[in-house]
Amino acid sequence: MSKTENYAETVHNRYSSNALPDNIRVIPANDENSNSNSGRKLRVCAYCRVSTDNDEQLTSYELQLAHYKELIEQNPDWSFVGIYADKGKSGTSTKKRKEFIRMLSDCYASKIDLIIAKSVSRFARNTVDFLATIRDLKNRPSPIGVTFEVEGINSLRANDEIMLSVLALFAQEESHIRSEAMNWSIDHRYAKGNYKVCRMLGYDKSKGVDNPMVVNDAEAKIVRLVYALFVSGIPASSIATTLNNLGLKSKKGNLRWTGSTVNAIMRNEKYCGDLLARKTWTPDYLTHHAKKNKGHKAQYHVTDHHTAIVPRLVQRAALSLIESHKLGARGISKAAPCLSVVSDGALKGFVAVNRSYSGFVAEDYIIASGSAYSCEEERKRNRDYDIRVKLGKISAFDLSSFSTVSSLFFDKSFQPSCTVTERSMSFNSTCIKRLDSDFVEVLIHPVERVLAVRPCAADTVGAIHWRRDSGAVKFGTVCFTDALFDLLGWVP
């Protein structure tokens, strides 16, 4: 028999025999589901979570607490550590789940051997957080397992990890679908006129559909005092000090007022009877971080939604003062912002545009323009305007449904023109050549619906640097655009 044949026969005999050599002793592996702990009882806890505070969810929450306490205490091999329960918390993030974080801290302090949860979705809906937590617990010097009752899965079983990953993805996608459904529901309710009303100083919430906000007379006095002091020129910080000295309480019963709190009252449109719905939106359903809604979602502005506490003109004055303070801080102007109207000449009734003032609306420009005319002139002007509209001399176009077309398609592309967007304005090179000036002042006649441009000095309030060495430039008008679109009847 050759050497190769002899080796093959030896290998065959070794693997064909079930008996081990006498000098080999097998040390059995630990049961991967047992959390081996040298014979002592497993220290077991339960984790429960419900995402809302409604009655149905709270009932489920109480049932979970009772179920797990009984389940753990009845097992002779388990030692009851406790129940960690988060109420009214979302499962897409662990940051705000205090009980979940406390449970993990106890795990890292070697106080827990096994965690019981109802299902994967109750433990976490964020796949990354879920898998990171499961693997971190599994890789501890003394592995900590998580058992999911509904799925019948134990995180310490190697074969279950793939299933856990799949289930975590399903749980996350379920949250995504719910988030989209909630956004649709919000838009649908707002479109039907069903708006969410929050608690705020000066108002009490009413169950009535027709009048959801009822004026709280005692709190309304505080609001009126704040507005009266502010429009009188007293800084927000000084008003806050006054309120603190008077011992006046906020809606939540706080006695500490700040300048930012006062400014928030000035900016809240609800105090003049209006309501703006969808001020914020949540772009990421996993983090739930709300952001300011700057056109990302449709907003709904309702005029005269409820009883006003302060007149609308008073709030506009307050907003103008806030804008003035912002401009003063940037060294632009220390005077209170006001609209300047041309009182005579070819531009009579035109109102100067300051693109940095955001406190004025279309009605303010109309009132300012009307101040340049006597009563008789105003009546005659309105009659002439009506006649010209009927004769077609003034366009009554609604341009909201039209598309933007390049000026190259028009034979008048070399005529003076202005381009307006939601955030900016620019004039073509023909305008620049006609007015040989680096700085210009833009004016608007709100009733005639006419824009005018005239040269001005660089230090003129509202002066616009409309050209550089390279030619015409685009300049921001975000503070003025809303009023302009309203005056012209355009839909942004």
Side-chain angles (χ1 to χ4, degrees), residues 197-205 213-276 279-280 290-294 301 303 305-340 352 354-361 363-365 367-368 459 461-462 478-480 482-483:
V197 178
C198 301
R199 294 177 68 246
M200 59 182 292
L201 184 71
Y203 290 100
D204 292 326
K205 292 176 66 173
M213 299 177 65
V214 179
V215 175
N216 182 313
D217 293 332
E219 295 176 355
K221 292 179 181 178
I222 300 176
V223 175
R224 294 188 185 103
L225 172 63
V226 170
Y227 270 91
L229 294 174
F230 192 83
V231 297
S232 298
I234 299 176
S237 57
S238 299
I239 296 174
T241 302
T242 301
L243 298 176
N244 289 328
N245 293 337
L246 292 173
L248 299 176
K249 295 181 179 180
S250 69
K251 189 69 175 181
K252 295 182 179 179
N254 298 328
L255 292 171
R256 184 176 178 273
W257 294 82
T258 63
S260 59
T261 306
V262 172
N263 277 325
I265 292 177
M266 298 297 105
R267 295 180 184 277
N268 197 324
E269 80 290 341
K270 295 184 182 67
Y271 288 119
C272 67
D274 294 350
L275 181 142
L276 179 62
K279 293 180 182 178
T280 61
K291 291 187 177 182
K292 196 169 184 180
N293 185 6
K294 297 181 178 180
H301 187 275
T303 305
H305 173 264
H306 52 271
T307 304
I309 292 179
V310 297
R312 188 172 281 106
L313 288 176
V314 172
Q315 190 184 53
R316 286 181 189 167
L319 292 174
S320 298
L321 284 171
I322 291 175
E323 187 64 25
S324 172
H325 297 158
K326 286 169 56 180
L327 297 172
R330 299 203 303 263
I332 297 176
S333 172
K334 293 186 179 180
C338 59
L339 294 178
S340 175
N354 190 320
R355 62 195 181 100
S356 299
Y357 290 171
S358 62
F360 299 112
V361 295
E363 186 179 351
D364 296 324
Y365 286 92
I367 293 173
D459 58 354
V461 176
V478 64
C479 296
F480 168 65
D482 286 345

Novice: Calculate, to the nearest 0.5 Å, the distance between atoms CE and CG belonging to M266 and L319 respectively.
Specialist: 9.0 Å

Novice: Can you name the nearest heavy-atom pair linking G273 to A308, along with the distance?
Specialist: N-CB, 3.7 Å

Novice: So do the side chains of K249 and I222 get within less than 4.5 Å of each other, counting heavy atoms only?
Specialist: no

Novice: With no hydrogens and no angle check, is any side-chain donor or acceptor of Q315 less than 3.5 Å from a backbone partner on Y227?
Specialist: no

Novice: Would you please name every residue forming a salt bridge (charged side-chain N to carboxylate O under 4.0 Å, His left out) with K251, sequence neighbours left out?
Specialist: D204, E219

Novice: Nearest 0.5 Å, what's the CG-CG distance between N254 and L248?
Specialist: 13.0 Å

Novice: Please list, chain by chain and in numerical order, all residues satisfying side chain to side chain contact (heavy atoms under 4.5 Å, CB included) with A220, sequence neighbours excluded.
Specialist: V215, R224, I309

Novice: Quick one: list whatever passes side chain to side chain contact (heavy atoms under 4.5 Å, CB included) with T258, sequence neighbours left out.
Specialist: R256, S260, T261

Novice: Would you compute the distance between atom CE of M200 and atom CD1 of I265 and round it to the nearest 0.5 angstrom?
Specialist: 8.0 Å

Novice: Cut-off 3.5 Å, no hydrogens considered: what does the side-chain donor-acceptor table look like for residues 229-240, sequence neighbours left out?
Specialist:
residue	atom	partner	partner atom	Å
S232	OG	A228	O	2.6

Novice: Got a sec, which residues hit side chain to side chain contact (heavy atoms under 4.5 Å, CB included) with N245, two or more places apart in sequence or on another chain?
Specialist: T241

Novice: For A352, give me all partners under side chain to side chain contact (heavy atoms under 4.5 Å, CB included), at least two apart in sequence or on another chain.
Specialist: S340, E441, L443

Novice: Check this for me, if you would: do R312 and E363 make a salt bridge, where the nitrogen-to-carboxylate-oxygen distance has to be below 4.0 angstrom?
Specialist: no

Novice: For the atom pair CZ (R199) and NZ (K205), what is the distance rounded to the nearest 0.5 Å?
Specialist: 8.5 Å

Novice: Taking side-chain hydrogen bond (donor to acceptor under 3.5 Å, both in side chains) as the test, write out the residues that go with Y203, two or more places apart.
Specialist: none

